Amino acid sequence: MNIEEIEKEIIEEFELFGDNWEEKYEHIIDMGKNLPKIADENKTDKNIITGCQSRVWLNTELKNGKMIFTADSDAIITKGMVAIIVRVFNNQTPQDISNAQLNFINVIGLKEHLSPTRANGLLSMIRRMKQDAKNLMNGSNNNN
Amino acid sequence: MNTTENIRAQFPILNKQINNNALVYFDNAATVQKPKQVIEAIENYYYNSNANIHRGVHTLSRVATELFEQSRKTIASFFNVKNSQQIIFTSGTTDGLNTLVQSLSKSVLQKNSEIILSTYEHHSNILPWQLWAQHNNGKLKIIPLKENHSLDLEKLEQLITPNTKIISIAHVSNTLGLITNIEKVKEIAKKYNLIIVLDGAQSAPHMKIDLENLDVDFFVCSAHKMYGPTGIGILYMSEKWLQELPVSKVGGGTIKTVSFEKTEYEQGALRFEPGTPNISGAIGFAEAIKFTNIVGITSIYKHELDLVNYAQKQLNELPEVIQYGVSKEKAGVISFNVKNQHPFDVGSLLDKYGIAVRTGHHCTQPLMKVLNTQGTIRASFAIYNTKQELNYFIEKLKKVITMLK
């Protein structure tokens, strides 16, 4: 599936909760618990994204031209949000990740988590993912 | 009648809905909400009396000057300070401490001087001293905590050396709500002839403070934690320091005569208030003091202490909760964590229920290190909070704990 298809799938999933934010958050927490964990050796200072309140670890690899992310966070809601983004971006090309708008976050009513005042490291994580994607694109251009 | 209902009616913001729930505002230690008298006093000043002060011959300037100086007197009298000139307007506690450190660095502080702080200082009472110390080979000595998180003042005396000049200490911990035994600190400070700087940011909103009898060298606080506006606070200094403390910030309003060779400075408070001050802020601050006087600061203390003790008792019944700095005598603050849960998660979910608490390190990172946690959840109370709100908070906290399990 491409990024847009996964976004659509997530939107449909969240539509089931309607206005019930409690169920929505329970779902986010569940996703956080099921996030494929970053290997301990990759929980390095280089991979840490510091928000004021919660921290995110993110590791990026490139396999067969697709980006593979593993991550973790010390706060479970942040971890759930990280899991959603990783689900959208995993196995996508650097080009697609770099161009992604992620409008679905607004649609599923979780935009507040991307506000800079949340200080949860999530916004910085998305920036890092896109930056990593751009770096890989530039890197491959240089190789040509 | 000062019923909680009547008091709540004076705070327009308390009618707000947050995330489709009635607002429960438990972040009062960060900043407290404002009664409409304060909002109206500021508005009224700009509608009817705005002019620059201390310099105009025209009527409005005289009116504004009078309002400003009357505000100083109202605040002085609240703190039982006879000479209102001892009350210097600042932009808040942080500004007061920065100004003070700058001035003391021109007189008392020398290379190698030592300053004593406590483990539970907020960053504003650490960083100005640390910055000075870094440039002057100075040293900060820290009063440790006891098991129950209160200050271990038995250890204070052994921190003192011939180089110690100042004890700068929080009257109340912003994170824990614990009250410093200032009489004990004074007893030791007097014995060694040390200067006492009392950080009243978290005590002035909750407790009767009589500066005349307290007899410390300096005292700072912020209006916005005392039902007043942001951007204004005071630096109090004893009569002796009012005469002797060098100025550190200069500019218009602080002088009698200026030439390019020499300047003669004003006497009293004006010497420390360069530039056009926060006139509307001072007026709003005085109005907040009037509000506090009508309700009564001792009633405020008692009301908040009831809430603190009720909350501590309720939280104690939840096995998942760890509380910090539990005490029967506190100033409006409780601090806790849910075992194995990040404070950010608990705070985010409580917000969904309309409950505003503070999560994180509360600008006291050294304290967090001693408590061995990344942060805590802090609920802090004001005169308008109720037991019903606390019951709602406990009910939702239980729900949040289940959600996060």
Side-chain angles (χ1 to χ4, degrees), chain A residues 14 17-35 37-38 43 45 48-58 71-85 105-106 108-125, chain B residues 17-23 27 30-31 122-123 175 320 335-369 371-378 392-393 395-405:
Chain A
F14 272 82
F17 304 124
D19 283 340
N20 190 330
W21 72 264
E22 284 159 330
E23 283 181 10
K24 196 194 280 185
Y25 272 73
E26 274 162 5
H27 186 56
I28 295 170
I29 290 165
D30 279 344
M31 282 197 278
K33 286 177 181 161
N34 296 325
L35 170 72
K37 256 219 175 147
I38 185 169
K43 267 189 155 181
D45 282 353
I48 196 167
I49 299 161
T50 312
C52 181
Q53 297 232 1
S54 60
R55 292 171 294 177
V56 174
W57 290 266
L58 176 76
D72 197 6
S73 172
D74 49 4
I76 188 71
I77 295 172
T78 308
K79 205 161 138 179
M81 292 299 298
V82 167
I84 297 176
I85 310 288
I105 294 172
N106 193 12
I108 62 177
L110 295 174
K111 199 180 165 203
E112 66 192 56
H113 289 277
L114 297 184
S115 138
T117 60
R118 294 297 282 204
N120 58 9
L122 198 67
L123 195 62
S124 314
M125 183 194 76
Chain B
Q17 295 276 309
I18 301 289
N19 297 322
N20 301 318
N21 291 290
L23 166 66
D27 195 18
T31 197
H122 64 143
H123 296 161
T175 303
E320 301 88 349
S335 213
F336 67 97
N337 263 321
V338 176
K339 280 177 200 160
N340 303 319
Q341 303 301 345
H342 199 287
F344 172 84
D345 290 323
V346 180
S348 301
L349 293 175
L350 287 174
D351 173 58
K352 285 286 184 188
Y353 290 111
I355 301 166
V357 292
R358 187 71 176 266
T359 64
H361 55 62
H362 317 296
C363 295
T364 54
Q365 288 181 10
L367 173 63
M368 291 299 121
K369 210 170 160 194
L371 298 178
N372 194 24
T373 178
Q374 282 271 327
T376 72
I377 302 144
R378 179 185 73 182
Y392 175 76
F393 160 74
E395 177 199 324
K396 295 308 174 194
L397 179 63
K398 283 182 190 161
K399 184 94 212 279
V400 166
I401 291 171
T402 319
M403 279 176 85
L404 288 170
K405 256 182 196 160

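Keep in mind that what you see is a predicted model, and the values were worked out from it rather than measured.
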Kindly give the heavy-atom pair with the smallest separation between [X] and [Y], and that separation in Å.
| X | Y | value |
| --- | --- | --- |
| B:L404 | A:I76 | CD2-CG2, 3.4 Å |
| A:Y25 | B:L349 | CD2-CD2, 3.5 Å |
| A:I77 | B:S348 | CD1-CB, 4.0 Å |

A:K33 NZ: over 12 foreign heavy atoms closer than 6.0 Å: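 Enclosed.
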Look at atom CG of B:N20 and say whether more than 12 heavy atoms of other residues, nucleotides or ligands are closer to it than 6.0 Å.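 No, CG of B:N20 has 12 or fewer neighbouring heavy atoms, counting only those of other groups under 6.0 Å.
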So CD of A:E22 and OH of B:Y353: to nearest 0.5 Å the spacing works out to 3.0 Å
Please state whether the side chain, the backbone, both or neither of A:I29 comes within less than 4.5 Å of a heavy atom of chain B.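 Side chain only.
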What option among B:M403, B:K399, B:Q341, B:K352 has the most heavy-atom pairs under 4.5 Å with chain A? B:K352
